[in-house]
Amino acid sequence: NLPDIFVALCSGSAISSTHKVDGLDSGADDYIVKPISPDELLARVRTLVRLRDTTAALRASEQHFRRLVEILPDAVGLIDRQGRMRAANPQACALLGYADEAELCEHTIFDLTLPEDHERIRADTLKAQHDHAARNIEYFLRRKDGRRIPVELSVAVASSAGNEPAGFVVVARETSARKQAEVRRAAFSRLGKELSAAGTAKEAAQIIVNTADELIGWDCCHVRLFSSGQDRIVPILAYDEVNGHRLEIPAESLSQDPS
């Protein structure tokens, strides 16, 4: 593979249009018919050198861009207008649980998203094509193992050499941590308001138990108060799971002796 080598065919006998077409179709970059003046020959060579230099510079730019994309912390993928994956950085493969770029590129954007979102995807890509970009669109992506992950997508139109839309560059950022933080903030905000309205210790305990279940889940739980003056435990509320069902345990059945 010699990407920086350009080939010119030269002949004084095979000079018909058919010969020229066959020569160029075989992969040659130019076809020179003899006789040719030295000035024209040098001009042809200079043209080939310019083409070589331009091609090398473009390839270097593409490699530089590829390296930048590969070190980005976010997942980046290139999708054609039919939704097929054409390229992806290592972060995209890791996010979606695929071994490498080749495996991920066997799929389409519709394989990687939920069926109920497919119409919205089509609408968003049309809008991105019209506006040349779309930012902060929230979706769920499907990992290889089937798990759903919330992401925020930004989309930009990728243009061809003729400046026609050729596909889309998609940047995905997982938002699981942000979603969890939002849930926690909302739960603690609601907890404070509900506790201030509680009339009894048991009502307050039930509010705490419900919030704990929402945030972390539990199989059984006890809410007790400790009296340092009396050195006693005061049972307030307790639940246990029996045969798959949560049952409240009578508080008086619980020990009041500190352990």
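Counting only distance, with no hydrogens or angles, the side chain of T175 and the backbone of P150 share a donor-acceptor pair below 3.5 Å. Proximity of a side-chain donor or acceptor of N89 to a complementary backbone N or O of V76 within less than 3.5 Å is detected.
Counting heavy atoms from C-beta on, the side chains of Q129 and F168 come closer than 4.5 Å. Taking the side chain as every heavy atom from C-beta outward, L237 and E248 approach each other to under 4.5 Å. Contact check for Y239 versus C220: no side-chain heavy atoms found under the 4.5 Å cut-off. Contact annotation: the side chain of I236 never approaches that of R224 to less than 4.5 Å [non-hydrogen atoms, C-beta and beyond]. Using a 4.5 Å heavy-atom threshold, the side chains of V223 and V209 count as touching. I137 places a side-chain heavy atom less than 4.5 Å from the side chain of R120.
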May I have the list of side-chain donor-acceptor pairs in residues 94-104 shorter than 3.5 Å, sequence neighbours left out?
{"from": "D100", "atom 1": "OD1", "to": "A102", "atom 2": "N", "distance (Å)": "3.3"}
{"from": "D100", "atom 1": "OD1", "to": "E103", "atom 2": "N", "distance (Å)": "2.9"}
{"from": "E101", "atom 1": "OE1", "to": "R66", "atom 2": "NH2", "distance (Å)": "3.0"}
{"from": "E101", "atom 1": "OE2", "to": "R66", "atom 2": "NH1", "distance (Å)": "3.4"}
{"from": "E101", "atom 1": "OE2", "to": "R66", "atom 2": "NH2", "distance (Å)": "3.0"}
{"from": "E101", "atom 1": "OE2", "to": "A88", "atom 2": "N", "distance (Å)": "2.9"}
{"from": "E103", "atom 1": "OE1", "to": "A99", "atom 2": "N", "distance (Å)": "2.7"}
{"from": "E103", "atom 1": "OE2", "to": "K144", "atom 2": "NZ", "distance (Å)": "2.5"}

List, one per line, each side-chain donor-acceptor pair under 3.5 Å for residues 109-119, sequence neighbours excluded.
{"from": "D111", "atom 1": "OD2", "to": "T108", "atom 2": "N", "distance (Å)": "2.9"}
{"from": "D111", "atom 1": "OD2", "to": "T108", "atom 2": "OG1", "distance (Å)": "3.4"}
{"from": "T113", "atom 1": "OG1", "to": "I109", "atom 2": "O", "distance (Å)": "2.8"}
{"from": "T113", "atom 1": "OG1", "to": "H118", "atom 2": "NE2", "distance (Å)": "3.4"}
{"from": "H118", "atom 1": "NE2", "to": "F110", "atom 2": "O", "distance (Å)": "3.0"}
{"from": "H118", "atom 1": "NE2", "to": "L114", "atom 2": "O", "distance (Å)": "3.4"}
{"from": "E119", "atom 1": "OE2", "to": "R122", "atom 2": "NH1", "distance (Å)": "3.0"}

| task | Evaluate the criterion side-chain contact (heavy atoms from CB on, under 4.5 Å) for residue pair T125 and V155; output intermediate values, then yes/no. | result | CA-CA 8 Å; T125 51; V155 182; 5.6 Å; no
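Its side chain within the 4.5 Å cluster rule, L9 clusters with V7, I15, L24, Y31, V33 among the Ile, Leu, Val, Met, Phe, Trp and Tyr residues. When hydrophobic side chains of Ile, Leu, Val, Met, Phe, Trp and Tyr are connected at separations under 4.5 Å, I216 ends up clustered with V183, F188, L191, L195, I207, I208, L215.
Distance CG/L126 to CG/D131: 11.0 Å, rounded to 0.5 Å. Rounding to the nearest 0.5 angstrom, the gap separating the OG atom in S11 from the CD1 atom in I32 is 11.0 Å. With rounding to the nearest 0.5 Å, the separation of CD1 in I249 from CG in D240 is 4.5 Å. The CG atom of N136 lies 9.0 Å from the CZ atom of R173; values are rounded to the nearest 0.5 Å.
Neither I121 nor F140 shares a network with the other; the hydrophobic side chains, linked directly or stepwise wherever heavy atoms of I, L, V, M, F, W or Y lie under 4.5 Å apart, form separate groups for each.
The list of salt bridge (Lys or Arg N to Asp or Glu O under 4.0 Å) pairs with a residue in residues 211-221, not counting sequence neighbours, reads R190-E214, D213-R246. Legend: salt bridge (Lys or Arg N to Asp or Glu O under 4.0 Å) pairs involving residues 17-36, not counting sequence neighbours, sorted by first then second residue: D30-R44.
Residues passing the side-chain hydrogen bond (donor to acceptor under 3.5 Å, both in side chains) test with S176, sequence neighbours excluded: E174. Judged as a ring pair (Phe, Tyr, Trp, His ring centres under 6.0 Å), and not counting sequence neighbours, Y139 has no contacts. Under the side-chain hydrogen bond (donor to acceptor under 3.5 Å, both in side chains) criterion, S16 pairs with H19, sequence neighbours left out. For R86, the side-chain hydrogen bond (donor to acceptor under 3.5 Å, both in side chains) partners are D80, not counting sequence neighbours. When the side-chain hydrogen bond (donor to acceptor under 3.5 Å, both in side chains) test is applied to R50, the partners found at least two apart in sequence or on another chain are T47. By the salt bridge (charged side-chain N to carboxylate O under 4.0 Å, His left out) test, R178 pairs with E138, E152, E182, sequence neighbours left out.
The heavy-atom pair separating V169 from A158 by the smallest distance is CG2-CB, 4.1 Å. Nearest heavy-atom pair across A128 and A134 is CB-CB, 4.0 Å.
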